[in-house]
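Computation of the quantities below employed the complete heavy-atom set of this structure, encompassing side-chain atoms and omitting hydrogens, waters and symmetry-equivalent molecules. Naming convention: chains lettered A, B, ... in sequence-line order (proteins, then strands); numbering from 1 in each chain. All values derive from a computational prediction rather than experimental measurement.
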Amino acid sequence: MPENTDNYILSGLNESQIEAVTFGDGPLLVVAGAGSGKTRVITHRIAYLIERGAAPEEILGITFTNKAAKEMERRVGEMAGEGVMLRTFHSFCALVLRRQIHHLGLDSSFSIYDRSDSLKVVRRVCKQFELDPEQYKPADMLNRISAHKDGVEPPEIAAEKAVSEWDEQAARVYAKYELTLTDSNALDFDDLLVKTVLLFNKHPEVLARYQGQYKYLLVDEYQDTNYVQHLIAKALQGRHHNITAVGDPDQTIYTWRGARMENIMRFQEEFPGARVIKLERNYRSTANILNAASYSVAHNINRHEKVLYTQSGSGSPVEVVGHSGAAQEAEWVAKTINKHVQRTESFPSIGILYRTKYQSGEFEAALSKHGVPYQVVDTTGLFERKVVKDIAAYLHLVVNPKDNVALQRIINVPTRGIGAKTLDRVTKVAEATGMPIMPAILDGAHQQELPPRARKAVDNFVALYNHLSEECFNASSVRGAVERVINETDYLASIKADEREESRELLDYFLGFAEQYQEQEPEGDLTGFMELSVLASDVDAWEPDTGSVSLLTLHSAKGLEFDMVFLVGVEDRILPHSRALEDRDVMGESEAMEEERRLFHVGMTRARKTLYISYANERMIRGQYEYTGESPFLQELPSDGVSWEKGPRAGGFSLTSAKGRWSRKSSGVSRSKKKKSPKLKKAKIKKRAPEKHAANNPEDADLQPGKKIQHDKYGEGTLVSINRAGEKKLLKIDFPEYGVLTILE
DNA sequence: GATAATCGTATTTTT
DNA sequence: TACGATTATC
């Protein structure tokens, strides 16, 4: 290896990292535990390859999110300049398909459907087939379709494989769904991957071109790749065999989306001669944090043994803190942050991590009440808001007139007298002509079929469409095009007065995004912008460490790190989420359960110095207070390096009478008034101090998991969990002699 | 055909 | 709770 490159590319790296960075040609798997510097290895390896003579254009780096791609681009840019292609699988495939999809007989102006678009199609198909929406839930159907696509199984295969009525119906819906998308010249997220594989299979000469171009392929987060993605990676490295995959099986948290840990586990079989390098030294966390996380995830059975070590000090203990309710938990987090800031007079990077999005509300309220700046990293961002989707639909339709979903979305938005009935007729007329709706009405197919009034309305719409097409075509910028659509449709005027301001704000953000897009992609056109608006998420725009606390889900926390982490809501049906508990099998734990545990592990390993884990005994779920209580995962933490603080013992509580029963009085009606601000949830500091009541029932507050309980039949036991069942409570109590029993009280 | 009121169901996680 | 979807009314 060239000696002179060592200093700036290799300095500060440990032995295994250097080995990975300087690995020569051939397949390489880097199994990198949390905090072991895997991103560094990738960026340095790219720099090394370039130093060693590879052209930047010959390198393709695949990341899991656009955000990660951007970050990597920045880091590679600093070390080795520009020109390396860094993208997600989805955006790379979109790029390939825009250029090559004509080989598959499709049109390069295709729309990309997000999940809600796809769901609309599935709903319509289900309705058409007159399927009972109870038994055949569109969302489940779509998940199934997606699973088939992940496995590159076309509808015919799906039908063959069906072993139940449900499977058969799903296959039928799948087939129709595919036809509908093709007619609309649209691809869904999965199609981006699947069509790319098809393209490569059917047209080896196209594949050969990409194989020739990309001599080096590096894939990050390999543990979360699915089958199609694996096929794409395999195809791309087919000529030079220079694939570097980096990942950590313990951080597989997307199996629900088809991620396969086996892609890592069986890497050597798939890529013969592959070298495997493990990165086992953790540079991020204190020993206590690392130890707690490792100990916990070691409870998974389906796992390859991996030992992480650190040379940092033990640090302060991991603190586990219980609370009576979710509001108290949030309050405690806010106060703890303030205390810390006052004591140290500094603002460390802080993350509040939770399992589900809806949990953010309590924290937003508490933080703003205490004047703590925060930002919610919300993935249901700008582009999924109705207002933005409406305007985007016009743009989609201009780019791709066949886009039936877009058309159906806006043909009567703002209302222009084209109701369900007219739309229905128009759809029928279009079907008769064999054309998608917009082309059909542009052709005047509706003229004879509609009553005068409806015809006029449709004619007006056609006129508007033509006008918009022209405007967009003539617009000097992407922003200009978007602006004209907003103006010419008179969209804002149609919004109810009290929501108009908010809509305006959202659209302003959208416009700002268009402008930003153009700055970054001077060559970019409307099609490119529309693509970005579907594939990008708000996480991509989020900037860490800006002197505010970050609120985010465990999933979106992947790959990030904070000085201080609050892992909150670590409760019975929240962290192992209730949905994961459902399919628990009798013999042991389900796959889903293990994934929840990995999620817990991912959360803990985000922390550098301080880790708090907290739970509440009660929280609002679906508008009702429910008992949750300690997560079973907490029992799996090591005793060393973890300190416990049970929730506040509020009020006197008569636990036992002579008969070992406990009395129960009326539970105070608790409520929390939380008016959700309709504004953008991103990066803003709310000033409101909502009323915060909570479950202040002293009895309940004292009935904490972990509490010793005397039972007249079974003796003393430890309360494991509490669930409310109507008027009664279901108590799970661990008795030394009998094990865990469930008692209805 | 548009609007308001009511009803029912969903909340895991995301490219 | 809170949203979307269906229904009732104008």
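Each of L599(A) and R622(A) lies near DNA chain B, and the nucleotide nearest R622(A) is the one positioned closer to the 5' end. Both R453(A) and E596(A) lie close to DNA chain B; mapped to their nearest nucleotides by heavy-atom distance, the more 5′-ward contact belongs to R453(A).
Near DNA chain C, defined here as any heavy-atom distance below 4.0 Å, the residues from residues 122-134 of chain A are R123(A), K127(A), listed numerically.
Regarding contacts with the backbone of dA2(B), a side-chain N or O of N412(A) is found under 4.0 angstrom from either OP1 or OP2. At dT14(B), one or more side-chain N or O atoms of T553(A) fall inside 4.0 Å of OP1 or OP2 (strictly under the cut-off). Look at K558(A) and you won't find any side-chain N or O under 4.0 angstrom from OP1 or OP2 of dT13(B). Contact between the side-chain N/O atoms of T422(A) and the OP1/OP2 oxygens of dG1(B) is found at a separation under 4.0 Å.
Distance, F383(A) CZ to dT15(B) P: 12 Å, rounded to whole Å. Between the CG atom of L535(A) and the C1' atom of dT14(B) there is a distance of 12 Å, rounded to whole Å. Summarising the geometry, the separation between CZ on R579(A) and P on dT11(B) is reported as 7 Å, rounded to the nearest angstrom. One atom, NZ of K137(A), and another, C1' of dT11(B), lie 13 Å apart when rounded to the nearest Å. As rounded to whole Å, 12 Å separates atom P of dT3(B) from atom CD1 of I495(A). Rounded to a whole Å, the CD atom of Q624(A) is 15 Å from the C1' atom of dT11(B). Whole-Å rounding puts the R409(A) CZ to dG4(C) C1' distance at 12 Å.
In this structure D140(A) satisfies the side-chain hydrogen bond (donor to acceptor under 3.5 Å, both in side chains) test with no other residue, sequence neighbours excluded. Scanning for salt bridge (Lys or Arg N to Asp or Glu O under 4.0 Å) contacts around E178(A) gives K149(A), with sequence neighbours left out. Under the rule for a side-chain contact (heavy atoms from CB on, under 4.5 Å), the partners of Q447(A) that lie at least two apart in sequence or sit in another chain are R455(A), D459(A). Applying the side-chain contact (heavy atoms from CB on, under 4.5 Å) rule to E531(A) yields the partners A94(A), R98(A), I112(A), L535(A); only residues at least two apart in sequence or on another chain are considered. With sequence neighbours left out, D403(A) forms a salt bridge (Lys or Arg N to Asp or Glu O under 4.0 Å) with no residue at all.
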message = For a salt bridge (charged side-chain N to carboxylate O under 4.0 Å, His left out) check, start with the C-alpha distance between E73(A) and K70(A), then their side-chain angles and the critical distance, and finish with the verdict.
response = CA-CA 5 Å; E73(A) 194 164 345; K70(A) 256 192 225 163; over 6 Å; no

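Ring stacking holds between W256(A) and dT13(B), with the centres under 5.5 Å apart and the planes within 30 degrees of each other.
In this structure, E626(A) and R573(A) approach most closely via the heavy-atom pair OE1-NH2, 2.6 Å.
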